[in-house]
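What you see is a predicted model; the values in this text were computed from it and never measured. Proteins get letters first, then strands, A, B, ... in listed order; numbering begins at 1 in each.
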Amino acid sequence: MSKKRILILMAGLVAVATLAVGGAACNDDEDDGGMASETPTADTEEITAGDLTITEPFARAMMDRGAVYFTVANDGEEDDAIVGASADVAATVELHETVTEGASTKMQPVEQIDVLAGGETTLEPGGLHVMLTELTESLAMGDEFTVEIEFERAGTVEFQVEVMSYTEETMGAEEGGM
Amino acid sequence: MTDLYRVRRWALPLLALLATALLLTYGCSEATEGDADPTATISSDFGGRVLEERMVKPSFTLTDTSGEPFELRGETKGYVTLLYFGYTFCPDICPSHMADVAAVMDRNPDMKDHTKVVFVTVDPERDTPERLRSWLDLFNEDFVGLTGTPEEIQEAVQATFKDQAFEIVKTPTKSGYTVNHAAYVIPYSHDNVARVVWPFGTTQDICENDMLKLHSEGEH
């Protein structure tokens with residue numbers, strides 16, 4: 001068992017090293033590697049619940065609508081799933097997926113978002129997201145609020161998300177520049 | 001059982017590695033946009049998604065946010081025109097597109113007098129002219145917002161996308177509904193032709209590159 005753990009750990013380290021090297025290579029191709037897009041919030045503390053680890057939480061909001069995004073990794077041996085969500089700033093919170101057929105793209109509600117054993121699920125703009133409707137207060141860039149994500153097995157996890165600019169995801173390093 | 005676990009626990013880090021490699025390849029090729037990606041430059045200097053068949057700027061009349069009729073071909077004649085179909089209740093795709101276009105416009109003030117950005121709502125029921133106006137103003141006060149009856153808007157979709165046209169359908173949700181739309185900006189040249197579109201995820205650099213190219217073509 002412990003041997004297995006070590007091997008997994010090593011594989012993980014290799015992955016991280018690959019990422020670091022690759023990331024550096026990518027940054028070399030760009031002019032400026034200044035504002036990296038991989039750390040969308042200032043808050044870097046780890047959010048965990050049982051075997052789940054939530055990273056890179058952030059939100060976007062405009063007028064009375066918003067969305068929450070994050071990555072959740074499941075290091076356990078049992079599948080889990082996001083089955084509900086709530087936020088202190090929204091009257092209604094839904095789980096959505098984005099579906100494209102030909103020229104048409106739509107968001108539609110889903111009952112749950114799977115987080116498979118040993119896997120990782122990313123909620124991101126243009127894909128899966130926690131949709132906030134009927135915001136009860138207006139949100140500006142830099143504002144923080146609390147979300148509660150309900151997992152089938154791990155239970156409810158509460159964490160803070162920061163409202164980010166709409167341009168960060170697609171433009172990365174050059175936000176606000178020039 | 002143990003064998004199964006062994007396979008799974010071994011396979012996943014490996015898969016993660018593979019995925020990482022794939023991501024990096026993709027990420028890097030995106031980063032070198034504009035100069036090195038051969039596939040992007042074979043048929044055109046545009047960085048957006050090159051269309052197999054060019055799109056021609058459609059002719060349709062809708063109503064702008066001040067209640068005036070707006071005939072697209074006439075009102076945008078001679079301008080580089082960016083056309084988008086979306087709705088203000090859309091939480092990420094529509095605002096991202098508008099924010100990117102607005103940022104490019106901000107960085108290139110010369111484009112202001114030669115560009116029209118036209119946002120057509122596919123959700124006229126909830127997107128009142130007032131709401132549409134306040135939403136667009138958050139990006140750029142010059143952006144044109146168009147609405148109409150559901151039939152008029154469906155006809156505009158038809159005229160724009162031709163055989164790629166989609167039927168606007170509401171999908172019910174707990175708090176109301178969502179609407180389908182085209183998740184890309186259509187940039188038309190001065191002479192009314194679009195050779196590329198900018199799908200969701202197109203970087204601002206690509207938008208800027210393509211807009212500069214469009215503006216450099218022909219005379220103002």
Count the heavy-atom pairs under 4.5 Å between each of A:T133, A:T98, A:T105 and chain B, then report the option with the highest count. A:T105
Counting distance only, does the side-chain N/O of A:D79 pair as donor-acceptor with the main-chain N or O of A:A117 below 3.5 Å? yes
For B:Y177 and B:R126, test the side chains for any donor-to-acceptor distance below 3.5 angstrom and give the result as yes or no. yes
Using a cut-off of 6.0 Å, state whether more than 12 heavy atoms not belonging to B:K112 lie near its atom NZ. no
Sorted by chain and number, sequence neighbours left out, salt bridge (charged side-chain N to carboxylate O under 4.0 Å, His left out) with A:R153 holds for none
Answer yes or no: is there a donor N or O on one side and an acceptor on the other, between the side chain of A:D51 and the main chain of A:N74, under 3.5 Å? no
Assess the side chains of A:T71 and A:T122: does a donor N or O sit below 3.5 Å from an acceptor N or O? yes
Okay, A:T100 and chain B: the region with an atom under 4.5 Å from a heavy atom over there is neither
Applying salt bridge (charged side-chain N to carboxylate O under 4.0 Å, His left out), can you list everything that pairs with B:R131, at least two apart in sequence or on another chain? A:D64, B:D127
Please flag which part of A:T92 lies under 4.5 Å from any non-hydrogen atom of chain B: side chain, backbone, both or neither. side chain
Please determine, among A:K106, A:R65, A:E101, A:M63, the option with the most heavy-atom pairs under 4.5 Å with chain B. A:R65
Of all residues at least two apart in sequence or in a different chain, which pass the side chain to side chain donor-acceptor pair (under 3.5 Å) check with B:R133? B:T65, B:D137
What residues of residues 84-91 of chain A sit under 4.5 Å from chain B when you count only heavy atoms? none
Ranked by heavy-atom pairs below 4.5 Å to chain A, first place among B:A182, B:A183, B:S175, B:P199 goes to B:S175
Where does A:V99 contact chain B at under 4.5 Å (heavy atoms): side chain, backbone, both or neither? neither
Check whether B:T160 reaches the backbone of B:P58 with its side chain - one donor and one acceptor, N or O, closer than 3.5 Å. no
What part of A:M62 gets within 4.5 angstrom of chain B, counting heavy atoms only: side chain, backbone, both, or neither? side chain
